[in-house]
Amino acid sequence: MTSDQRDGEVTRALDEVADAVRSVNGEELDAIADELVAARRIACYGGGREGLVLRGLVMRLFHAGLDAHYVGEMTCPAVGPGDLVVLSCGPGRISTVEALAGVAARDGARVLYLTAQPQEPPAERAQHVVTVRAQTMADDLPGGSASPAVLPMGSAYEIALFVLVDLITNRVRARRGESTEEMRSRHTNLE
């Protein structure tokens, strides 16, 4: 691979991620931050690499002073009225995410659903659906995506999600009037 080919590939990959991040406008990010700040407790879940991103969101929300947890951890409390369950499922139709949306609905928690496939379950169970326009495994199939992406499978969605959750965290921090020093005071010293 020549350096021009590499540079072209890098540019295309960064463009895929940037386009996905830009697909969620500032008003939508504000609405997500408002939901997070209004919640009594927050429980987050995503499968695979999306789960890593949502764990990062939980950590930053904790740093911002919110009561945030990751589903499946022993310290995640029960959810109910006043709580928010944040689910990410780029390709849609993942049984664990569908089941968690059902539990949240049954027990009165609100659902914020992040996805690239808003027409797929469990979008119909969410009070707030955020569409991140990016390739996922649902598109990365023969006959799926119209133009081949540089990044494989759901990578563009996952990387864009990581950027988006930090942009959301910035808005949460601003709404709560949290300084960088206050956030840092909640960061672990056990590393």
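The basis for the numbers below is simple: all heavy atoms, side chains too, and nothing from hydrogens, waters or symmetry mates.
Within the 4.5 Å cutoff, the side chain of Tyr45 has heavy atoms near those of the Thr96 side chain. Within the 4.5 Å cutoff, no side-chain heavy atoms of Arg173 are placed close to those of Ser179. No side-chain heavy atom of Asp67 sits less than 4.5 Å from a side-chain heavy atom of Arg40. The shortest side-chain heavy-atom distance between His69 and Cys44 does not fall under the 4.5 Å cut-off. Side-chain atoms of Glu28 and Asn25, non-hydrogen and from C-beta on, do get closer than 4.5 Å to each other. By the 4.5 Å heavy-atom criterion applied to side chains, Asp34 and Arg175 are counted as neighbours. Residues Leu164 and Leu29 are in side-chain contact: their nearest non-hydrogen atoms beyond the backbone lie under 4.5 Å apart. Contact of the Val97 side chain with the Pro122 side chain is registered, since non-hydrogen atoms from C-beta on lie closer than 4.5 Å.
Rounded to the nearest 0.5 Å, atoms CD (Glu50) and OG1 (Thr136) are 8.0 Å apart. A distance of 10.5 Å separates CD in Glu9 from CG in Leu14, rounded to the nearest 0.5 Å. Between the CG atom of Leu84 and the CD1 atom of Ile32 there is a distance of 10.0 Å, given to the nearest 0.5 Å. Atom CE of Met137 is separated from atom CD of Glu158 by 9.0 Å, given to the nearest 0.5 angstrom.
The same ILVMFWY cluster, assembled from side-chain heavy atoms under 4.5 Å apart, contains both Val129 and Val24. Under the 4.5 Å side-chain heavy-atom criterion for grouping Ile, Leu, Val, Met, Phe, Trp and Tyr, Val163 is connected to Val130 within one hydrophobic cluster. The hydrophobic cluster containing Leu167 also contains Val165, counting ILVMFWY residues as joined when their side-chain heavy atoms lie under 4.5 angstrom apart, directly or transitively. By the rule that hydrophobic residues join a cluster once side-chain heavy atoms approach within less than 4.5 Å of another member, Val53 and Met59 end up as members of separate clusters. In terms of hydrophobic clustering, with Ile, Leu, Val, Met, Phe, Trp and Tyr side chains grouped at heavy-atom distances under 4.5 Å, Phe62 and Leu66 are assigned to different clusters.
Of the possible donor and acceptor atoms, none in the side chain of Glu178 sits under 3.5 Å from a partner among the backbone N and O of Gly65. For the pair Arg41 (side chain) and Ala68 (backbone), a donor-acceptor distance under 3.5 Å is absent. For Arg125 (side chain) and Glu98 (main-chain N/O), a donor-acceptor pair under 3.5 Å exists by modelled atom type. Panel note: side chain Glu73, backbone Tyr70; no donor-acceptor pair is recorded below 3.5 Å. Between the side chain of Ser23 and the backbone N or O of Ala20 there is at least one donor-acceptor pair closer than 3.5 Å. Side-chain N or O atoms of Thr131 include none that pairs as donor or acceptor with a backbone N or O of Arg133 at under 3.5 Å. A donor-acceptor distance shorter than 3.5 angstrom exists from the side chain of Glu16 to the backbone of Val150, with no hydrogens or angles considered. Arg55 places no side-chain N or O within 3.5 Å of a backbone atom of Gly46 that could act as its donor or acceptor partner.
Residue Met153 comes nearest to Gln135 through the heavy atom pair O-NE2, 3.0 Å, listed as atom of the first residue, atom of the second, then distance. Taking each heavy atom of Val79 and Ala43 in turn, the nearest pair found is CG1-CB, 3.9 Å. A pairwise comparison of heavy atoms in Asp83 and Ala78 identifies OD2-O, 3.9 Å as the closest pair. Counting all heavy atoms, side chain and backbone alike, Pro91 lies closest to Glu120 at O-CG, 4.2 Å. Shortest non-hydrogen contact noted between Ala149 and Arg12 is C-NH2, 4.2 Å. Of all heavy-atom pairs between Ser88 and Leu54, the closest is CB-CD2, 3.9 Å.
Arg184 and His187 share no donor-acceptor pair across their side chains, judged by distance under 3.5 Å alone.
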Show me the donor-acceptor pairs, under 3.5 Å and distance only, between side chains in residues 105-116 and residues at least two apart or in other chains.
| unit_1 | atom_1 | unit_2 | atom_2 | d |
| --- | --- | --- | --- | --- |
| Arg110 | NE | Glu35 | OE1 | 3.2 |
| Arg110 | NH2 | Glu35 | OE1 | 3.3 |
| Arg110 | NH2 | Glu35 | OE2 | 3.1 |
| Tyr113 | OH | Cys89 | O | 3.4 |
| Thr115 | OG1 | Cys89 | O | 2.7 |
| Thr115 | OG1 | Gly90 | O | 3.2 |
| Thr115 | OG1 | Gln117 | N | 3.0 |

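Screening residues 159-169 for side chain to side chain donor-acceptor pair (under 3.5 Å) gives no qualifying pairs among residues at least two apart or on separate chains.
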